[in-house]
Amino acid sequence: MEVMKAMHPNMSETEIQGVHEYVYKKYGAEYEGYPSIVGGGNNGCILHYIENNKMEVGNDLVLMDLGAEYHGYTADVTRTIPANGKFSPEQKAIYDIVYEAQEAGIKASVVGAEFQAPGKAALKVVEEGLITLGIIKEASEARTYFPHGTSHYLGLDVHDQGTYRPFQPNTVITVEPGIYIPEGSDCDKKWWGIAVRIEDDILITEEGPVNLSAMAPRTTQAIEAMMKQPSPLDDFQLPKLD
Ligand code: GLY
Ligand code: MN
Ligand code: MN
């Protein structure tokens, strides 16, 4: 939420990373749970991008995959937001598919479901969405743009151990679909450089899935509204260095 308020197009990827890490350390987290990923535009298409060294994110989407480690346990959360505070029509079209895919994946995260259930549900939404937008022709092509798994166990480690048997109560997993369209992809140029992942930490209970990271805005409307809020960092100016 603080990064959404503070974000502007002339921030660097490293500065955005620094704001995340400062805020969660101010809340008492001891460490990063894993190397932070902050990728503007095409950099968001690089799955384990940790250089975070673009000096200005400009008007692109910024994909931010970061997690605080608190008393030994780690979070693993991704938000993708427009640096200028407003999704373009193309960015929103891709974002909304990933959002619906994640919603389907979260709904499938129930006691007794097979470990692959959230991934299957999410992939189906991505397949249908990319076909509707004309980015792919057949469902089998969807993996070109969604080339990773949807869920892993989360706990003491970011990719924690587990049984891969049907879900038991009190299991925590991530649900993290994404669509990545690198420059040069075999589709209309208007989609190039758009990369979206949305990742939340889901506690599976007898009463259904609980989103532990729900406080971070997730719909395009909620993100745009949060980005309009003032930030304490708006007035934070450092002396110029020679
Ligand atoms: N941040 C690593 C992952 O999402 O699995
Ligand atoms: Mn993850
Ligand atoms: Mn992650």
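Just so it is clear, the structure is predicted and the values come from calculations on it, not from any experiment. Read the numbers this way: they start at 1 and go in the same order the structure lists the ligands and their atoms.
Among the heteroatoms counted here (N, O or S) of Glu199, OE1 is the one nearest to the Mn ion (ligand 3). Atom OD1 is the N, O or S atom of Asp76 at the shortest distance from the Mn ion (ligand 3). Looking at His152 and the Mn ion (ligand 2) together, the shortest N, O or S contact belongs to NE2. Closest N/O/S atom of Glu176 to the Mn ion (ligand 2): OE2.
Side-chain atoms of Ser213 never come within 3.5 Å of backbone atoms of Val77 as a donor-acceptor pair (strictly under, hydrogens ignored). No side-chain donor-acceptor contact under 3.5 Å links Gln91 to the backbone of Ile194.
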Kindly print each ligand 1 N/O atom paired with any protein N/O atom under 3.5 angstrom away, one pair per line, or none if nothing qualifies.
from     : atom 1 : to     : atom 2 : distance (Å)
ligand 1 : 1 (N)  : Asp65  : OD1    : 3.2
ligand 1 : 1 (N)  : Asp65  : OD2    : 3.1
ligand 1 : 1 (N)  : Asp76  : OD1    : 3.2
ligand 1 : 4 (O)  : Asp65  : OD2    : 3.3
ligand 1 : 4 (O)  : Asp76  : OD1    : 3.4
ligand 1 : 4 (O)  : Asp76  : OD2    : 3.2
ligand 1 : 4 (O)  : Glu176 : OE1    : 3.1
ligand 1 : 4 (O)  : Glu176 : OE2    : 3.4
ligand 1 : 4 (O)  : Glu199 : OE1    : 3.2
ligand 1 : 4 (O)  : Glu199 : OE2    : 3.2
ligand 1 : 5 (O)  : His152 : NE2    : 3.0
ligand 1 : 5 (O)  : His159 : NE2    : 2.6

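Note on ring orientation: taking the six-membered ring where Trp is involved, the planes of Tyr164 and Tyr153 are perpendicular (angle over 60°, cut-offs 30° and 60°).
Looking at Glu127 and Lys124, no side-chain N of the basic residue comes within less than 4.0 Å of a carboxylate O on the acidic one, giving no salt bridge.
For an aromatic pair to be called close, the ring centres must be under 6.0 Å apart, and Tyr70 with Tyr27 fails this. Between Tyr180 and His148, the distance from one ring center to the other falls under 6.0 angstrom.
In this structure, Lys25 and Glu32 have side chains that are in contact, with non-hydrogen atoms separated by less than 4.5 Å.
Checked by atom type, the side-chain pair Glu13/Asn53 shows no donor-acceptor distance below 3.5 Å.
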